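Single-structure report; data block below.
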There are 2 protein chains.
Amino acid sequence: MAKTSQAAGLHPASLAKLHDLDAALELMYYGWRGMTLEADAYLAKQGLSRPHHRILYVVARRPDIAIGSLIEILGISKQALNRPLNLLLERKLLTSKRSPEQHRSKLLRLTAAGQRIEQRASDHERKVLREAFDRVGATGAAAWMGVMEAIADTN
Amino acid sequence: MAKTSQAAGLHPASLAKLHDLDAALELMYYGWRGMTLEADAYLAKQGLSRPHHRILYVVARRPDIAIGSLIEILGISKQALNRPLNLLLERKLLTSKRSPEQHRSKLLRLTAAGQRIEQRASDHERKVLREAFDRVGATGAAAWMGVMEAIADTN
DNA sequence: TTCCTGAAGTCAACATGGTTGACATGAGGA
DNA sequence: TCCTCATGTCAACCATGTTGACTTCAGGAA
């Protein structure tokens, strides 16, 4: 966590704009950073990082999710999932149990501790969004959502 | 580049929303992905990736930048810069020369080939933004910028 | 002039997070 | 019984970042 470099990186006012959309491009970049910075710092204090949070986030919103579905949603390979997932299980932030009937798949759930960490990390991100939305009002927020949906929809 | 996983990852309609801002959180995530997906695919075809593009992007907008300034803007250590930078120099996408008077620092510039790649990669990203802005009109685009500025400004 | 300092740059070792490939295990259906 | 398929694991590899320890060299101080 190079604290010093962040401030420098966040306002590269010195970059010439070669295209009219360069400002938007950079806003996307620094917006992403702005949203995740505090959350990442919090996670690092817990010895976790972004991929762990992604797992916790999804499992929180899909209790009893199977590993296969988790892989699909996260968009990574099962081998890549393996290490962070095992860490979360070891730390007892997640539990895995096999359901009586569907014995083939493990079902994942957050423990209380896992819920707490997921919530706090996500809260850092939501706080940033909330403050930004507060600054621009409801219509601005709605417009933002519209643009982001269009961007996310590209593929 | 796991092409298959992208589609699955992009529309996790199945995730329950635990908080009112969860939708915005996910939009930021998938928006970032949406913007960078094609650009990253293009870069990968060139044997490059995001950090290389970042370097090319900055140098394009700051010809004759010194390495120290580049480090500062990118927010990474000089050692982390070293490998991708050298690759770009080897590939002759960048040139470095020492100025006659300020002999202490190397000045970086894009070659024609470097300019071409920077432009094409950035064009992929700008295309996504442009299409999204077109969908929502000028006021929507302005609102989006406002929100993103507020988010980027957090730190 | 010589010497020292400090910025710039490089090299080595390491951590992390991702990839593929190969394979083991074990439940459940044909 | 046997095959299939989800799960789990191991190994090798790659890319990107980190820190620490150097080298190099311009330019000021002694």
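In what follows, every chain begins at residue 1, and chains take the letters A, B, ... in the order their sequences are listed. Model, not experiment: these values are computed from the prediction.
Look at NZ on A:Lys97: it is 21 Å from P on D:dA6, rounded to the nearest Å. B:Leu85 places its CG atom 17 Å from the P atom of D:dA15, with the value rounded to the nearest Å. Atom CG in B:Asp40 sits roughly 14 Å away from atom P in C:dT19 (whole-Å rounding). For A:Glu90 and D:dT9, the CD to C1' distance is 14 Å, given to the nearest whole Å. Separating the CD1 atom of A:Ile67 from the C1' atom of D:dT9 is a distance of 12 Å, rounded to the nearest angstrom. Atom CD1 in B:Ile71 sits roughly 14 Å away from atom C1' in D:dT19 (whole-Å rounding). Atom C1' of nucleotide C:dC11 and atom NZ of B:Lys78 are separated by 11 Å, given to the nearest angstrom. Between B:Asn82 atom CG and C:dA13 atom P there is a gap of 16 Å when expressed in whole angstrom units.
Look at B:Lys106 and you'll find a side-chain N or O under 4.0 angstrom from OP1 or OP2 of C:dT10. Side-chain N/O atoms of A:Asn86 include one lying less than 4.0 angstrom from OP1 or OP2 on D:dT9.
In this structure, the side chains of B:Asp134 and B:Arg130 come closer than 4.5 Å at one or more pairs of heavy atoms. Side-chain contact between B:Leu110 and B:Ile117 is absent, with no heavy atoms from C-beta onward closer than 4.5 Å.
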Yes or no on side chain to side chain contact (heavy atoms under 4.5 Å, CB included) for B:Leu85 and B:Leu108, after CA distance, side-chain angles and deciding distance? CA-CA 10 Å; B:Leu85 182 60; B:Leu108 301 172; 4.1 Å; yes
Begin with the C-alpha distance, continue with both residues' side-chain angles, and end with the deciding distance and a verdict on side chain to side chain contact (heavy atoms under 4.5 Å, CB included) for B:Leu21 and A:Phe133. CA-CA 10 Å; B:Leu21 287 172; A:Phe133 287 162; 3.6 Å; yes
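Within the structure, every pair that satisfies the salt bridge (charged side-chain N to carboxylate O under 4.0 Å, His left out) test and touches residues 111-124 of chain B, not counting sequence neighbours, is listed here: B:Arg61-B:Glu118, B:Asp123-B:Arg126.
A pairwise comparison of heavy atoms in A:Ile55 and A:Leu81 identifies CD1-CD1, 3.5 Å as the closest pair. The minimum heavy-atom distance between A:Val128 and A:Met35, with the atom names listed, is CG1-CA, 4.1 Å.
Taking a cutoff of 4.0 Å between a charged side-chain nitrogen and a carboxylate oxygen, B:Glu26 and B:Lys17 qualify as a salt bridge.
Nucleic acid contact for B:Ala66: none, since no nucleic acid atom lies under 4.0 Å from a heavy atom of the residue.
When the C1' atoms of four end pairs are superposed on the next four at each end of the helix from C:dT1-D:dA30 to C:dA30-D:dT1, using five pairs per end, the two resulting axes differ in direction by 10°, to 10°.
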What pairs of nitrogen or oxygen atoms, one from the protein and one from nucleotides 14-18 of chain C, lie under 3.5 Å apart?
residue	atom	partner	partner atom	Å
C:dG17	OP1	A:Ser49	OG	2.4
C:dG18	O6	A:Arg83	NH2	3.2

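No donor-acceptor contact under 3.5 Å links the side chain of B:Gln79 to the base of C:dG9.
A:His52 contributes a side-chain N or O that, together with a main-chain N or O of A:Ser49, makes up a donor-acceptor pair within less than 3.5 Å.
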